[in-house]
Number of protein chains: 2
Amino acid sequence: MPDKSSYQLTRQVGYILRRANQRHLTIFADLIPTLTPTQFAALAKLCELGSVSQNELGRQTAMDAATIKGVIDRLKKRQLVTTRRDTDDQRRLFIEASQQGAELYNNTLAAARKISERTLQTLNQAERKTLLELLTKIT
Amino acid sequence: MPDKSSYQLTRQVGYILRRANQRHLTIFADLIPTLTPTQFAALAKLCELGSVSQNELGRQTAMDAATIKGVIDRLKKRQLVTTRRDTDDQRRLFIEASQQGAELYNNTLAAARKISERTLQTLNQAERKTLLELLTKIT
DNA sequence: ACAATATTGTTCGTATACAAACGGATTTTG
DNA sequence: CAAAATCCGTTTGTATACGAACAATATTGT
């Protein structure tokens, strides 16, 4: 017979993880209202890597094919990225940050740093390091 | 001039938090395929609290009014919860776990414990405690 | 008592997130 | 070389998640 009393929803990793994520999302929306976290992630990787195929970009940013497609579609509609078919592999769609996209990225970089800082602001340096390590470890 | 080179997407809290959450979601779907994490959370709180108003349930499970509505709608469609209008306050909708809902909750409780366990399995006891504390601290 | 305010639930729009299925292109393998 | 397997991007369906606006109801302040 399972012990029903000992399960406390609000102490489970999943629940706390969701709440921490919610808090971060709020901070992100406050400091970078023009981009969502995933849009920013895609743009950041594009600026870092240059030209990448859509699915590869998804892998680099931890989004599955269906998700990255939606993200790119929205960035493209706002002309923050451009797309180009690969001539060698007709399936592949190369994505690149447009100049506007690159500018927006550069202009939001400072805010992005502030987001990380503010998310962790209740922790000291050692705790921040520990948290990131432990989170990485369970991923 | 901002230092562009020092921003590494994959080392930012938000990114790591999202990935950790993804991992947990996968484990959850593996061990409890019949309920989503939020559905389970709602059901768990209902079984704990008995009858609660819809918005109050949302607060107890960290979901806003629009989100909890969708969750309850789906649980209701599957007859896992019942709803009843408050006679005192005509706006209020009371939610209650049905017998089916309570049974499903009891039957999934063991799996729910395994989910938390498996999510944290790469950490020792001290690390688990630390992680939960730090996550709670930034929430 | 009554006007201002707040709360409850609903709806709409936008944006992840992912499973599943698909057609087409490429690569691997027997 | 042909069959099988894989990979590419796309679409559909379901489920969070939340801002914003809304009507109906309750509560508060004067």
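What you are looking at is a predicted structure, and each value in this text was computed from that prediction instead of being measured. Per chain, numbering begins at 1; letters A, B, ... match sequence-line order.
- Put simply, the side chain of A:Q12 never gets that close to the backbone of A:L9: no donor and acceptor are under 3.5 Å apart.
- Residues from residues 26-36 of chain B that place a heavy atom under 4.0 Å from any atom of DNA chain D, listed by number: B:T36.
- By the side chain to side chain contact (heavy atoms under 4.5 Å, CB included) test, A:D86 is found to be paired with A:D88, A:D89, A:R92, A:F94, residues two or more places apart in sequence or in another chain being considered.
- Close placement of the A:Y7 and B:F40 rings is indicated, their centers lying within 6.0 Å of each other.
- Taking the charged nitrogens against the carboxylate oxygens, A:E117 and A:R128 do have a contact shorter than 4.0 Å, which makes a salt bridge.
- Between A:L93 and A:R18, it is A:L93 whose nearest contact on DNA chain D lies nearer the 5' terminus.
- Contacts between residues 55-76 of chain A and DNA chain D, counted as heavy-atom distances below 4.0 Å, involve A:N55, A:R59, A:A65, A:A66, A:K69.
- With sequence neighbours left out, the side chain to side chain contact (heavy atoms under 4.5 Å, CB included) criterion links B:Q54 to B:I68, B:K69, B:I72, B:L93, B:I95.
- Under the 3.5 Å distance criterion, with hydrogens and angles disregarded, a donor-acceptor pair is assigned to the side chains of B:K76 and B:T83.
- Across residues 9-16 of chain A, not one residue has a non-hydrogen atom less than 4.0 Å from an atom of DNA chain D.
- When rounded to the nearest whole Å, the span between NE2 of A:H24 and C1' of D:dA17 equals 15 Å.
- The side chain to side chain donor-acceptor pair (under 3.5 Å) test applied to B:E103 returns B:Q99, not counting sequence neighbours.
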Write down the protein N/O and nucleotide N/O pairs, taken from nucleotides 24-26 of chain D, whose separation is under 3.5 Å; answer none if there are no such pairs.
from, atom 1, to, atom 2, distance (Å)
D:dT25, O2, B:R91, NH1, 2.9
D:dA26, OP1, B:D88, O, 3.0
D:dA26, OP1, B:Q90, N, 2.6
D:dA26, O4', B:R91, NH2, 3.2

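- Summarising the geometry, the separation between CZ on A:F94 and P on D:dC7 is reported as 17 Å, rounded to the nearest angstrom.
- Remark: A:K114 engages A:L31 in a side chain to side chain contact (heavy atoms under 4.5 Å, CB included) (not counting sequence neighbours).
- The CD1 atom of A:I95 sits 10 Å away from the C1' atom of D:dG9 (whole-angstrom rounding).
- Checked against side chain to side chain contact (heavy atoms under 4.5 Å, CB included), A:E133 has the following partners two or more places apart in sequence or in another chain: A:K129.
- Between A:Q22 and D:dT16 there is no side-chain polar atom (N or O) within less than 4.0 angstrom of OP1 or OP2.
- Side-chain heavy-atom separations under 4.5 angstrom define the hydrophobic clusters, and the remaining members of the one that includes A:L134 are A:V13, A:I16, A:L17, A:L120, A:L123, A:L131, A:L132, A:L135, A:I138, B:V13, B:I16, B:L17, B:L120, B:L123, B:L131, B:L132, B:L134, B:L135, B:I138.
- Rounded to whole angstrom, the span from the CG atom of A:N21 across to the C1' atom of D:dA17 amounts to 11 Å.
- Minimum interatomic distance between B:R78 and B:Q100 (heavy atoms only, all atoms of both residues): O-OE1, 4.0 Å.
- Sorted by first and then second residue, the side-chain hydrogen bond (donor to acceptor under 3.5 Å, both in side chains) pairs with a member in residues 19-36 of chain B read B:T36-B:T38; sequence neighbours excluded.
- Counting only distance, with no hydrogens or angles, the side chain of B:T130 and the backbone of B:A126 share a donor-acceptor pair below 3.5 Å.
- Atom CZ in B:R78 sits about 13 Å away from atom P in D:dT14, given to the nearest Å.
- Residue B:Q39 contributes atom CD, which lies 6 Å from atom P of D:dA15 at whole-angstrom precision.
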Please test B:L43 against B:V81 for side-chain contact (heavy atoms from CB on, under 4.5 Å), starting from the C-alpha separation and ending with a verdict. CA-CA 8 Å; B:L43 207 50; B:V81 303; 4.2 Å; yes
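- Comparing the axis of the opening five pairs of the helix from C:dA1-D:dT30 to C:dG30-D:dC1 with that of the closing five pairs yields an angle of 30°, rounded to 10°.
- Taking hydrophobic clusters as Ile, Leu, Val, Met, Phe, Trp and Tyr residues chained together by side-chain heavy-atom distances below 4.5 Å, A:I32 shares a cluster with A:L109.
- Open room surrounds CZ on A:R11; 12 or fewer heavy atoms of other groups in view lie less than 6.0 Å from it.
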